[in-house]
2 protein chains.
Amino acid sequence: MPDERVEAAMERIRASGGRATVDRRAVLEALVRNQDHATAEELAELVRAEHPDCNLATVYRTLELLERLGIAFHVHLGHGPSQWHLAEAVHHHLVCDECGAVVEVGDAVFDPLRRRILADTGFVLDPHHFSLSGRCARCTAASSSPSSKRKG
Amino acid sequence: MPDERVEAAMERIRASGGRATVDRRAVLEALVRNQDHATAEELAELVRAEHPDCNLATVYRTLELLERLGIAFHVHLGHGPSQWHLAEAVHHHLVCDECGAVVEVGDAVFDPLRRRILADTGFVLDPHHFSLSGRCARCTAASSSPSSKRKG
DNA sequence: GTAATTGCAAAGCTTTTGCAATTTA
DNA sequence: TAAATTGCAAAAGCTTTGCAATTAC
């Protein structure tokens, strides 16, 4: 079942002078199949479901190409490896410093901050590349109500 | 010239059961002397000015200790090594995707976003750990006014 | 056929770790 | 002296790279 996003991306690769290879298509398909974020290693795993001998270096090189073409992005959610996703709906990640939970928020919540920072500094905010840190609702509740306080 | 921040920090190390060693004092002094952010490697360089045989592993271990005690923090400004600074005024970093320029902003600009996110998700935002990406005023100007457009 | 892509293995870079030697309290 | 800290070297984890073999056009 050919996905139109995959076809469009392959077309863009070709248009940019690149070659439409099996491996590139496989990585794209893995990105499409995987709704969440995935690390390069996880994507390689997904690709291996269809093409058992998928090379990690090729996945990295393909992701780099896709990012250069604006087809995919990587984000840093914490200290581990980068996470990759297709460049579709722009969204942002709140990562809990305590438990590592990831909360996604839309882009629009940033509008007031964006306006303010633009006015103050001229900087055009596009905070997709890194996550925002803090503490999730659950951990906040756990640490602020003394009766339910627990270490772990 | 004993700096009161260094003394206070050494006191806190001692109070937490740690030992007040020459190396730890040297790393603290480097952090104080260096107003900006510095990588572990850069801090080791600074320490070496006084103590020529400063060990990088010790710097890392000391920074980890200082972070655990809330005395210092590390932030990720981009793809390179972490940057360290004393935990004084809370501030945040806007890093230009294009030229890498770092713009610092105070914590207060985040208040509206913080309220909004708290209301929407219960997440308590404390976005010190990662930088925010975007495009600095200069690069924005360079790419939006056709006459001054230039590559590089 | 020619240039781009891939596989492999090795290296790069930042950070962590095991362990014996040293230092602090 | 007992426990914590340090130095060293090695390892870990993620990512990039050189080069010969392969593949797309």
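The sequence lines fix the lettering, A, B, ..., with proteins before strands; numbering per chain opens at 1.
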Sugar-phosphate only, base, or nothing, as touched by A:R24 at under 4.0 Å among non-hydrogen atoms
sugar-phosphate
Categorize B:T39 for me: base, sugar-phosphate, or nothing, with a 4.0 angstrom heavy-atom threshold over every strand shown.
nothing
Looking at every strand, decide which applies to A:G18 at a 4.0 Å heavy-atom threshold: base, sugar-phosphate, or nothing.
sugar-phosphate
Does the ring center of A:H129 lie less than 6.0 Å from the ring center of A:H93?
no
Do B:V124 and B:F110 share a hydrophobic cluster, counting only Ile, Leu, Val, Met, Phe, Trp and Tyr and linking them when any side-chain heavy atoms are less than 4.5 Å apart?
no
Testing D:dC14, C:dT24, C:dC8 for proximity to the side chain of B:T21, the answer is C:dT24
Protein-nucleotide distance (B:H79, atom NE2; D:dG13, atom P), rounded to Å
20 Å
Please determine, for the side chain of B:R61, which listed nucleotide (D:dC14, D:dG7, C:dC8) has the closest atom?
D:dG7
Please state how far atom CD in B:E64 lies from atom P in C:dT14, giving the value in whole angstrom units.
18 Å
Measure up the B:F130 and A:H79 rings against each other and bin them: parallel (under 30°), tilted (30 to 60°), perpendicular (over 60°).
perpendicular
For the side chain of B:T58, counting heavy atoms from C-beta on, which of C:dT6, D:dT15, D:dT6 is nearest?
D:dT6
Without decimals, in angstroms, what is the distance between A:E41 CD and D:dA12 C1'?
14 Å
To the nearest angstrom, the CD-C1' distance between B:E42 and C:dT14 comes to 13 Å
Testing D:dT15, C:dT6, C:dT16 for proximity to the side chain of A:S82, the answer is D:dT15
Of the candidates C:dT6, D:dC25, C:dC8, the side chain of A:D23 sits closest to C:dT6
Please tell me whether A:H76 and A:H128 form a close aromatic pair, meaning their ring centres lie under 6.0 Å apart.
no
Ranking C:dT5, C:dT24, C:dT15 by distance to the side chain of B:R19, first place goes to C:dT24
Heavy atoms under 4.0 Å, any strand shown: does A:A40 hit a base, just sugar-phosphate, or nothing?
nothing
Can you check the A:M10 CE to D:dA24 P distance for me, whole Å?
10 Å
Between CG of B:L56 and P of D:dC8 the distance, given in whole Å, is 12 Å
5'-most by nearest nucleotide on DNA chain C - B:A57 or B:P81:
B:P81
Roughly how far, to the nearest 0.5 Å, is NE2 of B:H91 from NE2 of B:H85?
4.5 Å
Quickly work out the B:H74 NE2 to C:dT15 P distance and round it to whole Å.
8 Å
Can you figure out which of C:dT14, D:dC14, C:dG7 approaches the side chain of B:Y60 most closely?
C:dT14
Whole angstrom value for the distance that separates C1' of D:dT6 from CG of B:L63:
15 Å
